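Indexing begins at 1, ligand by ligand and atom by atom, following the structure's order. Note that the structure is predicted; figures quoted are calculated from it, not measured.
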Amino acid sequence: MEDCIFCKIINKQIPSEIVYEDEEILAFKDIAPMAPVHILVVPKKHIASVMELSKEDELLVGKIYTVIQKLAKEFNVSEEGFRVITNCGEGAGQTVKHIHFHLLGGKKLSISMC
Ligand code: AMP
Ligand code: ZN
């Protein structure tokens, strides 16, 4: 997807602070962090949103959560707790149309989810 900013990050066409990479998944620091730890975990495959996931992506989503678990330990938020958010659609505030998982932590997070 040539006009997708996260595809450009994945293809190293624009810089980012990468914290994890494998064949299928990339994780990088959010450019406008909302918590001391704010990492975006994305599949390298362009999937626009949760609504574009298909059966063949089930394993990939599971792998993303394993990466999130690893990063939570690495960034020392696994014990105090952290939040994983995926916004889907404009009403939920999704601004980048490439599915992504926000890993947020490092501070007391609001009990309110929305
Ligand atoms: P969402 O609003 O759920 O679609 O989240 C998109 C996120 O991408 C926001 O938190 C932005 O700060 C972040 N973002 C946008 N551009 C970049 C970029 N070039 N590098 C890192 N994070 C970005
Ligand atoms: Zn993309």
Provide the number and element of each atom of ligand 1 under 4.0 Å from a heavy atom of [X].
X	answer
K29	21 (C)
H102	1 (P), 3 (O), 5 (O), 7 (C), 10 (O)
A32	12 (O)
T95	1 (P), 2 (O), 4 (O), 5 (O), 6 (C)
D30	7 (C), 8 (O), 9 (C), 10 (O), 11 (C), 12 (O), 13 (C), 22 (N)

Check your understanding: Would you say I14 has any N or O atom under 3.5 Å from an N or O of ligand 1, going by distance alone?
Key ->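 Not met; the criterion fails.
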
Check your understanding: If the Zn ion (ligand 2) is the vertex, what is the angle to SG of C7 and SG of C4, rounded to 10 degrees?
Key ->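 Nearest ten degrees: 120°.
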
Check your understanding: Taking the N/O/S atoms of H98 one by one, which is nearest to the Zn ion (ligand 2)?
Key ->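 Atom name of the closest N, O or S in H98: ND1.
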
Practice item. Could you tell me whether ligand 1 has any atom less than 4.0 Å away from a heavy atom of I9? Key: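 Heavy atoms of I9 do come under 4.0 Å of ligand 1.
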
Exercise for review: Run the contact test for H100 against ligand 1 with a 4.0 Å cut-off on heavy atoms, strictly below, and give the result.
Suggested key: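 Heavy atoms of H100 do come under 4.0 Å of ligand 1.
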
Exercise for review: Measure F101 to ligand 1 on non-hydrogen atoms and call it side chain, backbone, both or neither using the 4.0 Å cut-off.
Suggested key: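 Answer for F101: neither.
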
Practice item. Classify the contact between L40 and ligand 1 as side chain, backbone, both or neither, using a heavy-atom distance cut-off of under 4.0 Å. Key: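 Side chain only.
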
